[in-house]
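Numbering of ligands and ligand atoms starts at 1, following listing order.
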Amino acid sequence: MSAIQNSGEIKELCMICEEEKNEGIHLYTSFLCNDCEKQMLTLEPGEPLYQYFIEKLRKMKGIQIYS
Ligand SMILES: [Zn+2]
């Protein structure tokens with residue numbers, strides 16, 4: 001994980017969009033930005049993007065996600 005100190009703001013690399021954001025949540029040991037978190041909440045199981053998110057999450061740490 002990369003964390004960059006930038007004039008008082010800490011930016012972290014989002015595991016989904018792979019952009020550096022300073023607002024988001026920590027999920028296990030990874031970072032999920034606000035935008036991706038919101039997007040994720042609107043997805044329904046079965047949507048291609050949902051699968052993409054789940055795959056990303058799985059690859060992070062080999063954790064199991066049950067839907
Ligand atoms: Zn993101």
Test item: Glu12 and Glu23 side chains (from C-beta on) under 4.5 Å apart, heavy atoms
no
For a distance under 2.8 Å, give residue and atom name for each protein N, O or S atom next to the Zn ion (ligand 1).
Cys14 SG, Cys17 SG, Cys33 SG, Cys36 SG
Taking all heavy atoms of Cys33 and all of Cys14, pick out the closest pair and write down the distance.
N-SG, 3.5 Å
Listed partners of Gln51 passing side chain to side chain donor-acceptor pair (under 3.5 Å), at least two apart:
none
Which pairs count as side chain to side chain donor-acceptor pair (under 3.5 Å) when at least one residue sits in residues 36-47, sequence neighbours excluded?
none
Are the side chains of Met40 and Tyr50 in touch, meaning some heavy atoms are under 4.5 Å apart?
no
Those residues at least two apart in sequence (or on a different chain) that pass side chain to side chain contact (heavy atoms under 4.5 Å, CB included) with Met15 are Leu27, Ser30, Leu32, Leu57, Met60
